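Lettering of chains follows the sequences in order, A, B, ..., and the numbering in each one begins at 1. All of these numbers come straight from a predicted model, not from anything done at the bench.
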Amino acid sequence: MRASWADLAANSAVENAGAGAGTSANNAGPGNSLPPSRSTYVPPHLRNRPPSAEPPAPAYSGGTTSGAGTANAGSRWGAPRGGEYRSGGGGGRGSGWGNRSGGWDCGRDREVNPFGDQDDTEEAFNEQENSGINFDAYEDIPVETSGNNVPPPVNTFAEIDLGEALNANITRCKYVKPTPVQRHAIPISLAGRDLMACAQTGSGKTAAFCFPIISGILRGQPMQRPPRGVRTVYPLALVLSPTRELSMQIHDEARKFAYQTGVKVVVAYGGAPINHQLRDLEKGVDILVATPGRLVDLLERARVSLQMIRYLALDEADRMLDMGFEPQIRKIVEQMDMPPAGVRQTMLFSATFPKEIQRLASDFLSSYIFLAVGRVGSSTDLIVQRVEYVQESDKRSHLMDLLHAQRANGVHGKQALTLVFVETKKGADALEHWLCMNGFPATTIHGDRTQQEREMALRSFKSGNTPILVATDVAARGLDIPHVAHVVNFDLPNDIDDYVHRIGRTGRAGKKGLATAFFNDNNASLARSLAELMQEANQEVPAWLSRYAARSSFGGRNRRSGGGRFGGRDFRREGSFNRGGSDYYNAGNNSAGYGASGGYGAGASSAWD
DNA sequence: AAAAAAG
């Protein structure tokens, strides 16, 4: 079985133990100029004074990390920096501000090294799996772009002028080469264009929108407008995501990318004490990562203003714009004080992009570029999908059989992680209890648990302490949980997209994954799309499932409208979609280097995680 | 109908 690019990317980029080859460290980025130091309060809109012929920012100023490409030592002292010169931070509130340096901040405000949490488990897992990554597999990846004047993709980080500090972090992250989505999305974003992007998770999606944002903030022109109150903060970028845990994850990643750039990243989400988040905000925020509810709260308290927003990114954008979230998003984006589309830059990322949602989303975009990177099946062909007919009453004992078998298999001495999806919160609790009663160490994550419990469950699962996690759809999207060997759809979802997102929690990082679904009459409406999806991914479709699929061909609410491909296609082109899979629509940009070997088949969105 | 997201 061939490794997909996403897995290769994840493998090499995220988990790669192969010492960071400094492909990008030498790229002494000009234009990465920083504001002059201030010893006094500097309002946010004045913090990014355009460069006055300053040398590049210091990429590195401490001794804790080796091999970070210190570059030219002179630049470190080339200009005074806020962080190095500020005396004790003129009065609490302004303490972080004016610090774009990357120099050590005074005393307690020193930036915590976000790379410090490398866990040993990770290292141990990595050793065996990171050799022989075949980057040539990238050649197979089809790319679809549409829109006017699409900037061409880049092949290396060095080609992109992200600046020295950011490049140093890229090295620290052991990113050697941009992933396909990064190769395309970053130039588009750096060119200031709005973007609707389809990309698999694990493909460096977070970096794809974080890099341009951080880079843009570092070099940005200030928007001149007075703050309207001292307690109000004015982030320059807003990143929204549908779950608290996903926001936390994005925050963790963004902090790594922004390390020692002086760009401040703050996260705000519900279920946690707001006071701590308020304190973080008061220390200064450039990039705010948030879930919608808590953000609305902060906006209504006037503790956050969106007036200065230059960048808006929606992760899992199709989820953010579905029935449950859309009003809140509309409120945040259209009814508060955020600059309108065309003034701000907007980036939407998702894996699945139904055309109805694309249409909704276009309200938030201005003259945008549509980008789809990846090949149908590229995410899922590493995942062996099994569907078993199991009556409701037999599900528990069936699950127990699976778990026993897995335990017997024993993976490298380390207990393999199993993620079990159920339909309801109550069902999650009940199943967890039952598993524990039967000697299987399980925990659960769902919306009825306290935030503390949720976070603890996730930590415990990730660490392998509790190798079975029973989850609702709260854990279906975006979460990067390494080493999930098996996803069990104890209850199948009603929507095929949810299924795709769920099984996408395994089969990551170039490893094989296994996904088992329990199917019965209750899931008849999913039969057709499930069978189609499995066929797409070259999976064996049980004959009985095909019969179900044929039977339910009329009622198929879940069937792709128009016969498929709605995930990887620009809805603006809906007029002419009866084309072959290898013939891409493209207006002005064909990504040279990518073969036309892929093609999007029916039910295509399913391959997008 | 369920889940998520504010308290």
[X] [atom1] to [N] [atom2]: how many Å, rounded?
{"X": "His446(A)", "N": "dA5(B)", "atom1": "NE2", "atom2": "P", "result": "12 Å"}
{"X": "Leu492(A)", "N": "dA1(B)", "atom1": "CG", "atom2": "C1'", "result": "16 Å"}
{"X": "Gln451(A)", "N": "dA4(B)", "atom1": "CD", "atom2": "P", "result": "11 Å"}
{"X": "Asp498(A)", "N": "dA2(B)", "atom1": "CG", "atom2": "P", "result": "15 Å"}
{"X": "Glu423(A)", "N": "dA4(B)", "atom1": "CD", "atom2": "C1'", "result": "13 Å"}
{"X": "Met248(A)", "N": "dA5(B)", "atom1": "CE", "atom2": "P", "result": "12 Å"}
{"X": "Asp322(A)", "N": "dA1(B)", "atom1": "CG", "atom2": "P", "result": "17 Å"}
{"X": "Leu298(A)", "N": "dA5(B)", "atom1": "CG", "atom2": "P", "result": "15 Å"}

What does Gly447(A) touch in the nucleic acid at a heavy-atom separation under 4.0 angstrom: a base, only the sugar-phosphate, or nothing?
sugar-phosphate

Could you tell me whether Arg301(A) contacts a base, only the sugar-phosphate backbone, or nothing, with contacts defined as non-hydrogen atoms closer than 4.0 Å?
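No contact.
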
Among [options], which nucleotide sits nearest the side chain of [X]?
{"X": "Asn494(A)", "options": "dA5(B), dA1(B), dA3(B)", "result": "dA1(B)"}
{"X": "Thr472(A)", "options": "dA2(B), dA4(B), dA5(B)", "result": "dA4(B)"}
{"X": "Lys425(A)", "options": "dA5(B), dA4(B), dA2(B)", "result": "dA4(B)"}

Does [X] make a side-chain N or O approach to OP1 or OP2 of [N] shorter than 4.0 Å?
{"X": "Lys426(A)", "N": "dA2(B)", "value": "no"}
{"X": "Thr424(A)", "N": "dA1(B)", "value": "no"}
{"X": "Arg244(A)", "N": "dA5(B)", "value": "yes"}
{"X": "Arg449(A)", "N": "dA3(B)", "value": "no"}

Less than 3.5 Å apart, which donor and acceptor atoms pair up between the side chains of residues 269-276 of chain A and the rest of the protein, not counting sequence neighbours?
| unit_1 | atom_1 | unit_2 | atom_2 | d |
| --- | --- | --- | --- | --- |
| Tyr269(A) | OH | Glu455(A) | OE2 | 3.3 |
| His276(A) | ND1 | Arg279(A) | NH2 | 3.4 |

Beyond-backbone contact of Pro493(A) with Phe421(A), side-chain heavy atoms, under 4.5 angstrom
no

Phe440(A) vs His404(A), ring-ring contact (aromatic ring centres under 6.0 Å, His included): CA-CA, chis, key distance, verdict
CA-CA 9 Å; Phe440(A) 290 98; His404(A) 272 303; 5.2 Å; yes

Taking His446(A) as the fixed residue, which of Thr424(A), Thr472(A), Asp429(A) is the one that meets the side-chain hydrogen bond (donor to acceptor under 3.5 Å, both in side chains) rule?
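The option that passes is Asp429(A).
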
Any pair counted as salt bridge (Lys or Arg N to Asp or Glu O under 4.0 Å), so long as it reaches residues 241-250 of chain A, sequence neighbours left out:
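Found Glu245(A)-Arg454(A).
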
